[in-house]
Amino acid sequence: MSEKTNVMANPPEQRELRYDPQRIEQKWSARWQADPSLYAAEGHASTRKKYYVLEMLPYPSGVLHMGHVRNYSIGDALARYMWMRGYNVLHPMGWDAFGLPAENAAIKNKTHPRLWTLGNIGRMKEQMQRIGFAYDWSREVTTCQPEYYRWNQWFFLKLYEKGLAYRKKSRVNWCPECATVLANEQVVNDGCCWRHEETKVEQRELEQWFVRTTEYAEELLRDLDKLDSWPEKVRIMQRNWIGRSEGALVDFALDQPAGPTAAKITVFTTRIDTIFGATSVQLAPEHPMVADFTAADHHLHREVEELVREQARARETGDIGAIEKHGVFTGRYAVNPFNQEKIPIWVANYILMDYGTGAIMSVPAHDERDYEFAKKYDLEIRVVILPRRVAEPPAPGEREEPVLPYTEPDSLLINSGEYTELSNHEAIKKMTADAEKRGFGKAAVTYRLKDWGISRQRYWGTPIPIIYCEKCGVVPVPESQLPVILPDNVDISLQGGSPLGRVPEFVNVPCPKCGGPGRRETDTMDTFVDSSWYFYRYTNARLNDRPLDTATVDYWFPIDQYIGGVEHAILHLIYSRFWTKFMRDLGLVHNDEPVLRLFTQGMVIKSGAKMSKSKGNVVSPDEMVARYGADSTRMYSLFATSPDRELDWQDAGVEGVYRFLSRAYRFVTRHALSGQADSAAGKGTSSGRNRSIQRKLHQTIKRVTEDFHGRWHFNTSVSAVMELVNELYAAEEDIAAGRIAPEVLAEAQRKLVLLLAPFAPFVAAELWEGLGEKQSLLRYPWPEYDPALAKEDEITYAIQVNGKLRGHIAVAADSPEPAVKERALADEKVRVAIAGKEVEKVIFVPGKLVNIVLHEPR
RNA sequence: GCCGGGAUGGCGGAACUGGCAGACGCAGCGGACUCAAAAUCCGCCGAGGUUCACCCCUCGUGGGGGUUCAACUCCCCCUCCCGGCACCA
């Protein structure tokens, strides 16, 4: 033992170097920056197969956080691996540079959003380069630059031309803190602003620009089926978000004409089969017809006002789902077109104007909400459908009890005129068809998805290229006049209204049509517009007469792998998908979907809580890099857990990875040029430790390679490489004694370095050079494993009796099944366990175990 | 309420199609080296029992039931945690 330890403590060749990440990383970071061609993708004439790997572009907040580091470490490992696999890799990076925080920061620091943003970009880019992420910076995209946002404007004009951008007055979410409109999606928990999580959102009416995303609702839903390499979770979230419902529109005529609006109420229902159970019609408080009813009825008017307020309040607090049901009878009646029954019309606070038609037929017996409402106001509850197994209609006394939807296909209608005795599925079909035939209804599909409101009353965004003319109305800015440049001299510190409205030379322009006086649109675009198509721009980022080159896009798209946080699973990814479909219909691109494979990584937390300044648990990448180096920091972010899970950051874990890299570094440098080459000549490679080193090496390559292609469990890839290094250290004594063949040692060293390359590129590059290699690691082929060597020579079988472990036997790897079984049965302990009992069967699991099942009461 | 995901040693996590639970790392303990410390290297490390020791035995993957020769893994019920949606007609 002490002899062995001596060997360890004083290795024979003192060539090893101390692992100094700062020195190594600064050296290589400088070299890589000096040679931009290293990470440059080839054009689409390349003979290599293309691979487009993309991480979601960051908002330039000023400093990289651990979530970024994790995101980019995953993407970078993949990009480096694919480069080594010989692919033509596109791995770009850019900046989501418009947006509110820049304005807020500029006000606070008395600077300009542009200066603040560009300064941040400079700092963050430096951090990325320091960490060694391999981006093709020649394709960098910065969305706040006119070269980029002019194409937002161009796309807007196309949307407008196709009728997909339109203006409408609408109730909007207004954040008093931001003094701007928020998308529905930007209102988060309890009706608060997504940026100011403590600020309650208010409601206002404004004239807004909308993009008709609903035009593509059906395709956005249908094509989710194609995205089978997306996380199921994301597909489900999108499916629910789009929220398709099949049903029917049915007209209920008014008992007597009400006013200037229509003489009928159209309801949307998914359960037309229950229409004989409808005992009232319910309108949303904002339904247009309500105004007709309230015009002459002051009391009713005030009641409805109260319902509107209740809804607004519930929307603000976010518990619209838990609002106490409340309604008011209008005094009017509607006629059920199927049985001519007169039923009362109510206005209720649980009916939403922006879903369906804003009006429903209320069927208390078969809808829980309607039931609750009917109970409260003592409306009739009429059962019209029962499961087939209930043979008879309920006695009058028990009528009110079954409040069940009865959706089973074998449910039967009762009390439903000519439809009685039909199953509910038949009834839906027949009643819908009849309604259509008789002219009072039709099949219809509605979506939860709403059109995308893109107007923002803010400065730091893309100006909407529209001019309002007194004579000509809404006039789009001609393409030739793009870009509409965002002016610099804007006082953004004043609150209220659009900041751009305070710049006369921006606002007052001649009408492009008639030359008369015009006023520019002063709203800017939602920044989700920027991020909806930025990844197309990377394919040809400097193109100045078109947003993109179709042939180049055809080559690179779809994106092979997109990586980012799950928080973008709905908004960004639905808007992006919409944008792609729109671009396809313009003929600009030919792909239906932008992203082939999506990966959503888990959050980075610390001590069980999200990292935040207020909790004081923020871990700064800079600090980690300064302490342990970039390689250790990024490798730890991959090693701590699998990429899809939440990562609980532990500084001590980074230190562990640092120790591992030190070990790897010492091993390779120690033996690199240590004169071992001739000491063991002719010893052969087929036996003992030589063999076990080779085996471990090839097993490791196999495991890492498979992780890249399958599960992406880079934590197990890294631990596999750690095991390899442990095996090499265990062989130190043999190496010192010259019992390891030089070619085996050399192969192990080289391939170890190659295995490290995707995860710890700096130390890998340093060692690679130390081994006398000139070629860049990125261009060096990823090692193949030899399947024969990756297998064990000898396999240890577990021996079980009745499922209980009884021992082990080691057999040659190629032993046939009967021989292994025989060996197992002959085992001493097994024979004792059997002890004369009858063997019922012997189960053989190749490579794993033999289980002897005894015939006995267990 | 609905939809998704999760719960494994002191800690982060492995275990891929049901087949030896706890790989790898952290922390801890012991040893070597050192005047000493750091660093490094080696060993131990789920709980309980048994043993001088090697071995061996029992229990053990949030809780309860089930299927199976065999269950962290599959099925049913329940608890808790995380994410999304929420009067969607």
Side-chain angles (χ1 to χ4, degrees), chain A residues 1-2 4-11 18 231-234 236-237 239-241 243-245 247 267-271 282 314 318-323 325 348-352 354-363 367-370 372-373 446-448 566-567 569-570 602-603 605 608 636 639-642 644-657 659-660 662-663 666 703 706-707 710-711 713 715-716 718-723 726 729-730 732 796-805 807-808 829 840-843 845-854 858:
Chain A
M1 176 53 128
S2 75
K4 190 176 178 181
T5 10
N6 270 329
V7 169
M8 296 303 159
N10 301 298
R18 200 179 66 84
E232 191 55 26
K233 171 170 71 167
V234 173
I236 290 168
M237 278 161 76
R239 206 167 282 135
N240 293 340
W241 189 260
R244 183 181 197 272
S245 287
V267 305
F268 176 71
T269 178
T270 55
R271 295 299 306 275
Q282 304 282 342
D319 45 21
I320 185 101
I323 188 173
K325 288 182 183 45
N349 64 355
Y350 73 99
I351 309 302
L352 307 170
D354 52 12
Y355 183 79
T357 59
I360 65 153
M361 62 176 201
S362 176
V363 185
D367 182 283
E368 243 180 278
R369 297 155 300 183
D370 295 344
E372 192 186 330
F373 192 85
T446 55
Y447 298 92
R448 206 191 76 104
V566 72
E567 66 272 21
I570 296 176
M603 268 200 327
I605 60 165
Y636 170 72
F639 171 66
T641 182
S642 56
D644 55 319
R645 308 226 317 187
E646 199 169 74
L647 161 55
D648 196 343
W649 192 272
Q650 296 187 353
D651 290 2
V654 188
E655 186 157 349
V657 173
R659 281 206 281 264
F660 158 69
S662 303
R663 272 162 74 81
R666 277 196 309 272
R703 283 176 65 182
E706 283 172 355
D707 269 332
R711 305 185 306 158
H713 282 194
N715 53 333
T716 59
V718 172
S719 65
V721 182
M722 287 174 168
E723 283 180 53
N726 290 346
Y729 268 76
E732 277 292 14
T796 303
Y797 274 83
I799 306 303
Q800 298 179 346
V801 176
N802 281 348
K804 242 178 200 140
L805 187 66
H808 296 95
K829 280 185 205 110
E840 191 176 297
K841 55 180 168 176
V842 178
I843 291 159
V845 183
K848 304 251 174 177
L849 60 75
V850 177
N851 185 14
I852 294 146
V853 183
L854 296 182
R858 281 177 290 114

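Order of the sequence lines fixes the chain letters, A, B, ..., with proteins taken first and strands second; residue numbering starts at 1 for each chain.
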Using a cut-off of 4.0 Å on non-hydrogen atoms, how would the nucleic acid contact of [X] be classed: base, sugar-phosphate, or nothing?
{"X": "A:Leu647", "result": "nothing"}
{"X": "A:Gln800", "result": "base"}
{"X": "A:Ile236", "result": "sugar-phosphate"}
{"X": "A:Tyr636", "result": "nothing"}
{"X": "A:Thr796", "result": "base"}

Nucleotide [N], atom [atom2] - distance to [atom1] of [X] in whole Å:
{"X": "A:Leu805", "N": "B:rA71", "atom1": "CG", "atom2": "P", "answer": "13 Å"}
{"X": "A:Met603", "N": "B:rG6", "atom1": "CE", "atom2": "C1'", "answer": "13 Å"}
{"X": "A:Ile799", "N": "B:rC69", "atom1": "CD1", "atom2": "P", "answer": "19 Å"}
{"X": "A:Tyr355", "N": "B:rA86", "atom1": "OH", "atom2": "P", "answer": "12 Å"}
{"X": "A:Leu854", "N": "B:rC69", "atom1": "CG", "atom2": "C1'", "answer": "10 Å"}
{"X": "A:Lys325", "N": "B:rG1", "atom1": "NZ", "atom2": "P", "answer": "15 Å"}

Pairing nucleotide - [N], Watson-Crick or G-U, each distance under 3.5 Å:
{"N": "B:rG9", "answer": "none"}
{"N": "B:rG43", "answer": "B:rC29"}
{"N": "B:rA14", "answer": "none"}
{"N": "B:rC74", "answer": "B:rG66"}
{"N": "B:rA37", "answer": "none"}
{"N": "B:rU50", "answer": "none"}

Distance check, [atom1] atoms only: [N] and [M], in whole angstrom units.
{"N": "B:rC52", "M": "B:rG66", "atom1": "P", "result": "40 Å"}
{"N": "B:rG46", "M": "B:rG22", "atom1": "P", "result": "9 Å"}
{"N": "B:rC72", "M": "B:rA15", "atom1": "C1'", "result": "8 Å"}
{"N": "B:rG62", "M": "B:rC57", "atom1": "P", "result": "25 Å"}
{"N": "B:rC41", "M": "B:rC54", "atom1": "P", "result": "27 Å"}
{"N": "B:rC44", "M": "B:rG25", "atom1": "P", "result": "13 Å"}
{"N": "B:rC42", "M": "B:rC33", "atom1": "C1'", "result": "11 Å"}
{"N": "B:rG6", "M": "B:rC76", "atom1": "P", "result": "15 Å"}

* First encountered from the 5' end of RNA chain B, between A:Lys804 and A:Ile351 -> A:Lys804
* To do: By nearest nucleotide on RNA chain B, pick out whichever of A:Ser662 and A:Asn726 is the more 5' one.
  =>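 Comparing both residues, the 5'-ward one is A:Asn726.
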Which of these nucleotides, [options], is closest to any side-chain atom of [X]?
{"X": "A:Leu352", "options": "B:rA89, B:rC42, B:rG19", "result": "B:rA89"}
{"X": "A:Met237", "options": "B:rC85, B:rG84, B:rC41", "result": "B:rG84"}
{"X": "A:Asn715", "options": "B:rA14, B:rG12, B:rG4", "result": "B:rA14"}
{"X": "A:Thr716", "options": "B:rA89, B:rA15, B:rG19", "result": "B:rA15"}
{"X": "A:Lys233", "options": "B:rG25, B:rG4, B:rG84", "result": "B:rG4"}
{"X": "A:Asn240", "options": "B:rG12, B:rC20, B:rC3", "result": "B:rC3"}
{"X": "A:Ala798", "options": "B:rU58, B:rC20, B:rG13", "result": "B:rC20"}
{"X": "A:Ser719", "options": "B:rC24, B:rA89, B:rC69", "result": "B:rC24"}
{"X": "A:Phe639", "options": "B:rA70, B:rC24, B:rC41", "result": "B:rC24"}

Are OP1 or OP2 of [N] and a side-chain N or O of [X] less than 4.0 angstrom apart?
{"X": "A:Arg645", "N": "B:rG12", "result": "no"}
{"X": "A:Arg659", "N": "B:rC41", "result": "no"}
{"X": "A:Ser642", "N": "B:rA14", "result": "yes"}
{"X": "A:Arg448", "N": "B:rA89", "result": "no"}
{"X": "A:Arg666", "N": "B:rC41", "result": "yes"}
{"X": "A:Arg711", "N": "B:rA15", "result": "yes"}

* Asked: Where does B:rG9 fall, syn or anti, if syn means a chi angle no more than 90° from 0?
  -> syn
* Asked: At their closest point, which heavy atom of A:Val654 faces which heavy atom of A:Trp649, and how far apart are they?
  ->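 For A:Val654 versus A:Trp649, the nearest heavy atoms are CG2-CZ2, 3.6 Å.
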* Identify the heavy atoms of A:Tyr729 and A:Arg663 that sit nearest to each other, and give their distance. => OH-O, 2.8 Å
* To do: Using the six-membered ring wherever Trp is involved, compare the ring planes of A:Phe373 and A:Tyr350 and label them parallel, tilted or perpendicular (cut-offs 30° and 60°).
  => tilted
* Run the side-chain contact (heavy atoms from CB on, under 4.5 Å) check on A:Val853 and A:Asn802 step by step: do they pass? -> CA-CA 5 Å; A:Val853 183; A:Asn802 281 348; 3.8 Å; yes
* **Between A:Arg448 and A:Asn240, a side-chain donor and acceptor under 3.5 Å** =>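 Checked: A:Arg448/A:Asn240 side chains show no N/O donor-acceptor pair below 3.5 Å.
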Is the closest side-chain heavy-atom distance between [X] and [Y] below 4.5 Å?
{"X": "A:His713", "Y": "A:Ser719", "value": "no"}
{"X": "A:Val363", "Y": "A:Thr269", "value": "no"}
{"X": "A:Arg271", "Y": "A:Asp367", "value": "no"}

* **From CA spacing to verdict: side-chain contact (heavy atoms from CB on, under 4.5 Å), A:Tyr636, A:Glu655** => CA-CA 9 Å; A:Tyr636 170 72; A:Glu655 186 157 349; over 6 Å; no
